[in-house]
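Here the structure is a predicted model, which is why all the values come from computation and not from measurement.
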Amino acid sequence: MMECRYYHKLDDGRVECLLCPHHCHISEGKTGICRSRRNEGGVLVSEVYGRPCSLAIDPIEKKPLYHFHPGTKCLSIACTGCNFRCLNCQNHEISQVAPSEVGHYDLSPEAIVELCIEHDCPGIAYTYTEPLTYLEYITDTARLAHEAGLWNILVTAGYVCQEPLKDLLPYLDAANIDLKSFSDDIYMKVSGGHLQPVLDTILAMRDAGVWIELTNLVIPSINDDMAMIRQMCQWIASNGLTDNPLHFSRFFPRYKMQDIPPTPVQTLKDAKRIALEEGIKHVYLGNI
């Protein structure tokens, strides 16, 4: 286990994690919301550093990234854990469990880079779960990847504090950020977090020159209000992101949202029309 970089010790033996806006106060032997950062004797450690639970070679379009080196492939890696509790999570078998509940590989940052080169992948994608919960691991890997001439791609919900994010940004080339809705109430109800930190992450990546593509999963009766979608698109446009692709993705029943039907395709077409009206130039429909 690796000592985490973003925490401080409290007087009562607990530690406060400073990685994400939850700022979990963690007692001895316990973990934060992400399940992968544990208080061991007053030291916050990452239980997943160097221990990815999933490895695959993917087309870059699967991330989805449509305007960043299309037609190439990437080495995808994931560790267990997530700092959201999305009721519709597509990868809950690895994101909503503790590291001890799934198998893992033992791969140092150096080994990940070597594996990427061995399989002729021009980049590494940190994906499937929430990579920002193991930020130390991906920052160390991403730095070595850049030294080897490889790209670094982040697929994330963007729920992170700005100071830790700054350590990663110099090594990050592209990101797909899951903008789940444009309502703080919906964020809290469905995912257990807040909207504003996600918006802050998007703007920080924009300012750092990271190539950004956004994904909005449209869930019937939850976040399919067209007025809210228009508000979201207006925010995107007003922040200089009209050239960055926006992906509207179709929902299917999953995890704790089995009682909600799939998104009608017409709903996605309506959302695309609104995005185009608000000046977003590249709008794609996914899962259809």
Side-chain angles (χ1 to χ4, degrees), residues 1-4 6-7 14-15 17 19-40 43-58 62-63 75-109 111-112 124-141 154-160 164 176-178 180 187-194 197-198 215 217 219 249 251-260:
M1 291 185 287
M2 175 73 70
E3 182 176 2
C4 297
Y6 312 103
Y7 78 102
R14 295 182 300 163
V15 297
C17 182
L19 178 63
C20 89
H22 290 306
H23 277 216
C24 293
H25 287 201
I26 306 171
S27 300
E28 164 68 28
K30 303 296 184 182
T31 65
I33 288 174
C34 66
R35 298 186 176 95
S36 64
R37 302 170 79 83
R38 178 181 298 275
N39 180 347
E40 291 288 346
V43 175
L44 187 64
V45 298
S46 170
E47 295 189 306
V48 297
Y49 188 103
R51 304 176 70 207
C53 66
S54 182
L55 290 169
I57 295 175
D58 290 325
K62 185 180 177 182
K63 298 303 102 187
L75 176 67
S76 295
I77 72 169
C79 299
T80 55
C82 184
N83 53 0
F84 273 165
R85 290 287 183 268
C86 297
L87 302 178
N88 59 300
C89 183
Q90 297 182 34
N91 291 323
H92 62 90
E93 297 92 345
I94 55 176
S95 69
Q96 302 297 314
V97 297
S100 60
E101 297 179 68
V102 297
H104 66 272
Y105 305 90
D106 291 314
L107 290 169
S108 66
I112 290 290
I124 304 170
Y126 311 93
T127 180
Y128 302 145
T129 58
E130 178 45 70
L132 291 173
T133 61
Y134 49 96
L135 191 144
E136 294 91 349
Y137 183 35
I138 63 173
T139 299
D140 291 350
T141 305
L154 192 71
V155 182
T156 178
Y159 206 62
V160 67
N176 186 290
I177 304 168
D178 188 7
K180 298 178 181 297
Y187 255 89
M188 183 55 65
K189 175 183 177 182
V190 176
S191 303
H194 294 285
V198 180
T215 295
L217 178 71
I219 307 173
S249 190
F251 165 86
F252 286 93
R254 188 74 170 140
Y255 194 35
K256 297 181 180 180
M257 280 190 172
Q258 300 285 345
D259 57 338
I260 296 179

Discussion item. Could you work out, with side chain to side chain contact (heavy atoms under 4.5 Å, CB included) as the rule, every residue matching L87, not counting sequence neighbours?
Written reply: K256, M257
Worksheet item: Who are the ring pair (Phe, Tyr, Trp, His ring centres under 6.0 Å) partners of Y255, not counting sequence neighbours?
Response: H92
Discussion item. Can you list everything that forms a side chain to side chain donor-acceptor pair (under 3.5 Å) with N176? Sequence neighbours excluded, please.
Written reply: T215
Practice prompt. May I have the step-by-step check of side chain to side chain contact (heavy atoms under 4.5 Å, CB included) for L132 and N83, ending in yes or no?
Written response: CA-CA 9 Å; L132 291 173; N83 53 0; 5.5 Å; no
Practice prompt. Decide side chain to side chain contact (heavy atoms under 4.5 Å, CB included) for L135 and L19; before the verdict, give the C-alpha distance in whole Å, the side-chain angles of both, and the deciding distance to 0.1 Å.
Written response: CA-CA 8 Å; L135 191 144; L19 178 63; 4.0 Å; yes
Worksheet item: What pair of heavy atoms forms the shortest contact from G32 to I26, and how long is it?
Response: N-CD1, 3.6 Å
Item to complete: Enumerate the residue pairs fulfilling salt bridge (Lys or Arg N to Asp or Glu O under 4.0 Å) with a member in residues 81-102, sequence neighbours excluded, ordered by first and then second residue.
Response: E93-R254
Discussion item. Any donor-acceptor pair under 3.5 Å linking the side-chain atoms of K62 with those of T127?
Written reply: no
Worksheet, complete the sentence: Residues R35 and S95: closest non-hydrogen pair is NH1-O, 4.2 Å
Practice prompt. Would you check if T80 and T129 make a side-chain contact, meaning some heavy-atom pair closer than 4.5 Å?
Written response: no
Discussion item. Testing T141, L55, I77 one by one against L107 for a side-chain contact (heavy atoms from CB on, under 4.5 Å), which residue passes?
Written reply: L55
Worksheet item: Which heavy atom in N39 sits nearest to a heavy atom in S27, and how many Å separate them?
Response: CB-O, 3.2 Å
Response to the item:
For C79 and V48, the nearest pair of non-hydrogen atoms, with its separation, is SG-O, 3.6 Å
Fill in: By salt bridge (Lys or Arg N to Asp or Glu O under 4.0 Å) - contacts of E3 (at least two apart)
none
Worksheet, complete the sentence: Applying side chain to side chain donor-acceptor pair (under 3.5 Å) to H23 and not counting sequence neighbours gives E16
Item to complete: Could you go through the side chain to side chain contact (heavy atoms under 4.5 Å, CB included) check for V43 and V15 one step at a time?
Response: CA-CA 7 Å; V43 175; V15 297; over 6 Å; no
Item to complete: Mark yes or no for whether T156, through its side chain, and G158, through its backbone, hold a donor-acceptor pair below 3.5 Å.
Response: yes
Response to the item:
Taken to the nearest 0.5 Å, the spacing of I33 CD1 from C82 SG works out to 10.0 Å
Worksheet entry | Closest approach of L154 to P131 (non-hydrogen atoms, all atoms of both residues) | CD1-CG, 3.4 Å
Discussion item. Could you work out, with side chain to side chain donor-acceptor pair (under 3.5 Å) as the rule, every residue matching Y187, not counting sequence neighbours?
Written reply: none
Practice prompt. Using side chain to side chain contact (heavy atoms under 4.5 Å, CB included) as the criterion, list what pairs up with A157, not counting sequence neighbours.
Written response: F84, E130, K180
Practice prompt. Drop me the distance from I94's CD1 to Y128's OH, to the nearest 0.5 angstrom.
Written response: 8.5 Å
Worksheet entry | Shortest non-hydrogen contact from Y7 toward C17 | CB-CA, 4.1 Å
Practice prompt. Sort and list the pairs that fulfil salt bridge (Lys or Arg N to Asp or Glu O under 4.0 Å) and have at least one residue in residues 132-141, not counting sequence neighbours.
Written response: R5-D140, R37-E136
Practice prompt. Kindly write out the residues that satisfy side chain to side chain donor-acceptor pair (under 3.5 Å) with S108, not counting sequence neighbours, or none if the list is empty.
Written response: E110
Discussion item. If I take atom CE from residue M2 and atom CG from residue L44, how far apart are they, to the nearest 0.5 angstrom?
Written reply: 13.0 Å
Item to complete: Using the ring pair (Phe, Tyr, Trp, His ring centres under 6.0 Å) rule, take Y159 and H194 through it: C-alpha gap first, then chi angles, then the decisive distance, then the call.
Response: CA-CA 8 Å; Y159 206 62; H194 294 285; 7.1 Å; no
Worksheet entry | Which residues share a ring pair (Phe, Tyr, Trp, His ring centres under 6.0 Å) with Y49, sequence neighbours left out | Y137
Discussion item. For a side chain to side chain contact (heavy atoms under 4.5 Å, CB included) check, start with the C-alpha distance between Y126 and V155, then their side-chain angles and the critical distance, and finish with the verdict.
Written reply: CA-CA 6 Å; Y126 311 93; V155 182; over 6 Å; no
Discussion item. D106: which residues meet the side chain to side chain contact (heavy atoms under 4.5 Å, CB included) condition with it, sequence neighbours left out?
Written reply: R51, H104
Fill in: Side chains of S76 and D58, donor plus acceptor under 3.5 Å
yes
Worksheet item: Side chain of R38, backbone of E47: donor and acceptor closer than 3.5 Å?
Response: no
